[in-house]
Amino acid sequence: MQNDLNLFFWLGTFIMISLAIMVIILVIFYQKKIVRHHNEQLKEQLRTNLIVEHKERERMAKELHDGLCSDLATIQNLVSVLELSPNKNMQAETIADLRDGVQLCYDEALRISYNLAPPLVNDNTISVLLNNYIKRVSKVSDLEFTFISNKPTFVLNEIQKFELYRIVQELIHNIIKHSYAKKAMINLVWQDDSLCLHLVDDGVKYSFDNQNKGLGLSNIKARIVQLQAEFIHDSTDDGNDIRITIKRNEYD
C-alpha cells in the first residue's frame with residue numbers, strides 16, 4: 001500500500017513538473033513569436049519610410065530642376081541681355097522682367113519649402129491644415145474646390161496628420177496635372193471610432209495599379225501602409241471616388 005502511494009506521489013509530481021515545463025516552453029515560444037512579429041512590423045515600416053523618403057527626394061529634385069532652376073536660368077539670360085543692350089527702353093523692360101522673375105523664384109522656393117515641412121502641423125487640426133492648403137491651391141488653379149468637415153471626434157497624432165496631408169497633396173496634384181477635372185470635393189467624415197477622408201473629382205479616371213511614375217501613386221500607397229488605413233478607389237466615367245479611413249487609436 002505504501003509503495004502504491006509513493007508511486008502515485010512521484011507520478012503526480014512528475015506530471016505536474018512536466019506540465020509546468022510545457023507551460024514555460026509555450027510562454028517562451030509565444031513571446032518569441034510576438035517579438036518576431038513585432039520586428040517584422042518594424043522592418044516593414046522602416047522599408048515603407050525609406051520608399052516614401054526616396055520618392056519625396058525624387059519629386060523634390062524634379063520640382064527644383066523643372067521649376068526653380070528653369071526660372072533662375074531665365075533670370076541669368078535676362079542679366080546677359082541687360083548687360084549687352086545699349087537701349088534704355090530695352091533695359092527698363094528687362095529690369096521689369098527681372099523683378100518678375102525674382103518674384104517667381106521666391107514664390108516657387110516658398111512653395112517647395114512649405115511642401116517639405118508644412119508649418120504648424122502640431123498646432124492645427126487636420127481640418128485647418130487641409131482647408132488652408134485648399135485655399136492656397138485655389139488661388140493658382142482653375143479647379144473648383146469644395147472642402148467639408150464635420151466636428152472632429154478625436155485627435156490625430158502628428159504623424160497621422162502629416163501623412164494624410166501629404167496624401168491629399170499628391171491626390172490634388174494628380175487631379176490638377178493628370179485628371180483634367182473641373183470640380184473636386186474633399187469631405188472629412190468624423191465618427192466615434194474612425195475618420196474617413198472622401199475625395200471626389202469629375203476628371204479622367206485612373207487606376208492605382210497604373211505604373212506611371214508621374215502619378216505618384218506608389219508614394220500614396222506607401223503612405224496608406226504607413227497609416228495602416230483602409231483605402232478604396234472607385235473610378236468611373238464620371239470621375240474618381242477615393243475613401244481613406246483611419247481607425248481611432250484605442251488609447252485615445
Side-chain angles (χ1 to χ4, degrees), residues 1-58 117-118 121-123 125-127 129 150-171 188-199 207-211 213 215-235 241-252:
M1 185 67 178
Q2 185 65 32
N3 290 335
D4 291 340
L5 289 175
N6 288 336
L7 178 62
F8 283 124
F9 171 77
W10 289 111
L11 182 61
T13 301
F14 174 77
I15 292 174
M16 293 297 293
I17 293 174
S18 298
L19 288 173
I21 292 174
M22 289 179 63
V23 169
I24 293 172
I25 292 174
L26 287 174
V27 169
I28 293 174
F29 175 78
Y30 182 70
Q31 287 180 336
K32 286 184 176 180
K33 186 176 181 180
I34 291 177
V35 171
R36 191 184 309 114
H37 178 69
H38 180 65
N39 289 338
E40 289 175 355
Q41 283 186 321
L42 290 177
K43 289 179 181 178
E44 179 63 24
Q45 186 174 4
L46 178 60
R47 188 182 71 84
T48 301
N49 290 341
L50 290 174
I51 291 174
V52 170
E53 183 180 352
H54 178 68
K55 293 291 184 181
E56 281 294 314
R57 288 181 177 179
E58 284 185 343
V121 171
N122 286 331
D123 301 330
T125 65
I126 187 64
S127 300
L129 291 170
N150 62 331
K151 185 178 180 180
T153 55
F154 58 94
V155 178
L156 298 179
N157 61 42
E158 182 181 353
I159 294 176
Q160 289 174 320
K161 285 191 290 184
F162 184 80
E163 294 296 340
L164 196 58
Y165 181 89
R166 285 289 194 227
I167 290 172
V168 171
Q169 277 187 310
E170 291 280 3
L171 290 173
L188 292 182
V189 182
W190 296 86
Q191 297 182 351
D192 291 338
D193 61 347
S194 66
L195 165 64
C196 177
L197 185 146
H198 186 202
L199 191 152
S207 171
F208 272 77
D209 295 327
N210 193 332
Q211 297 302 313
K213 294 182 180 180
L215 292 176
L217 302 184
S218 59
N219 217 13
I220 295 172
K221 291 167 72 174
R223 293 190 186 280
I224 294 293
V225 173
Q226 172 78 358
L227 282 173
Q228 296 181 339
E230 179 185 354
F231 179 81
I232 299 175
H233 175 225
D234 293 323
S235 186
D241 189 314
I242 293 174
R243 296 173 189 268
I244 299 170
T245 303
I246 301 174
K247 293 295 184 182
R248 181 175 185 171
N249 192 315
E250 61 181 358
Y251 299 108
D252 287 341

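Computed from a prediction, not measured in an experiment: that's the story for all the values here. Residues: numbered from 1 along the sequence shown.
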Side chain proximity check, Asp192 to Phe154, heavy atoms < 4.5 angstrom: no
Can you see which heavy atom on Leu129 is nearest to which on Tyr165, and at what distance? O-CE1, 3.8 Å
Those residues at least two apart in sequence (or on a different chain) that pass side chain to side chain contact (heavy atoms under 4.5 Å, CB included) with Ile25 are Ile21
Between atom CD1 of Ile246 and atom CG of Asp193, what is the distance when rounded to the nearest 0.5 Å? 12.5 Å
Any residue meeting side chain to side chain contact (heavy atoms under 4.5 Å, CB included) with Ile15, in chain and number order, not counting sequence neighbours: Leu11, Leu19
Separation of Lys151 NZ from Ser127 OG (nearest 0.5 Å): 12.5 Å
Suppose we screen for side chain to side chain donor-acceptor pair (under 3.5 Å). Which residues come up paired with Asp241, at least two apart in sequence or across chains? His198
Taking the side chain as everything from C-beta on, heavy atoms only, tell me whether Met22 gets closer than 4.5 Å to Ile24. no
Interatomic spacing from CZ in Phe29 to CZ in Arg36 - rounded to 0.5 Å: 6.5 Å
Do Leu197 and Ile167 pass the side chain to side chain contact (heavy atoms under 4.5 Å, CB included) test, and can you show the C-alpha distance, the side-chain angles, and the key distance before you say yes or no? CA-CA 10 Å; Leu197 185 146; Ile167 290 172; over 6 Å; no
Distance from His233 atom NE2 to Leu171 atom CG, nearest 0.5 Å? 9.0 Å
Nearest 0.5 Å, what's the CD-CD1 distance between Glu163 and Ile220? 12.0 Å
Can you name the nearest heavy-atom pair linking Thr153 to Trp190, along with the distance? N-CE3, 3.7 Å
Mind checking side chain to side chain donor-acceptor pair (under 3.5 Å) for Ser235 and listing every partner two or more places apart, or none if nothing turns up? Asn240
Any side-chain to backbone donor/acceptor pair from Ser194 onto Arg248? Under 3.5 Å, distance only. no
Taking the side chain as every heavy atom from C-beta outward, state whether Leu195 and Leu164 have any atom pair closer than 4.5 Å. yes
For Glu230, which residues count as a side chain to side chain contact (heavy atoms under 4.5 Å, CB included) partner, sequence neighbours excluded? Ile232, Thr245
Report the distance from atom NZ of Lys161 to atom CZ of Arg166, rounding to the nearest 0.5 Å. 14.5 Å
For Asn157, side chain to side chain contact (heavy atoms under 4.5 Å, CB included) partners two or more places apart: Ile159, Gln160
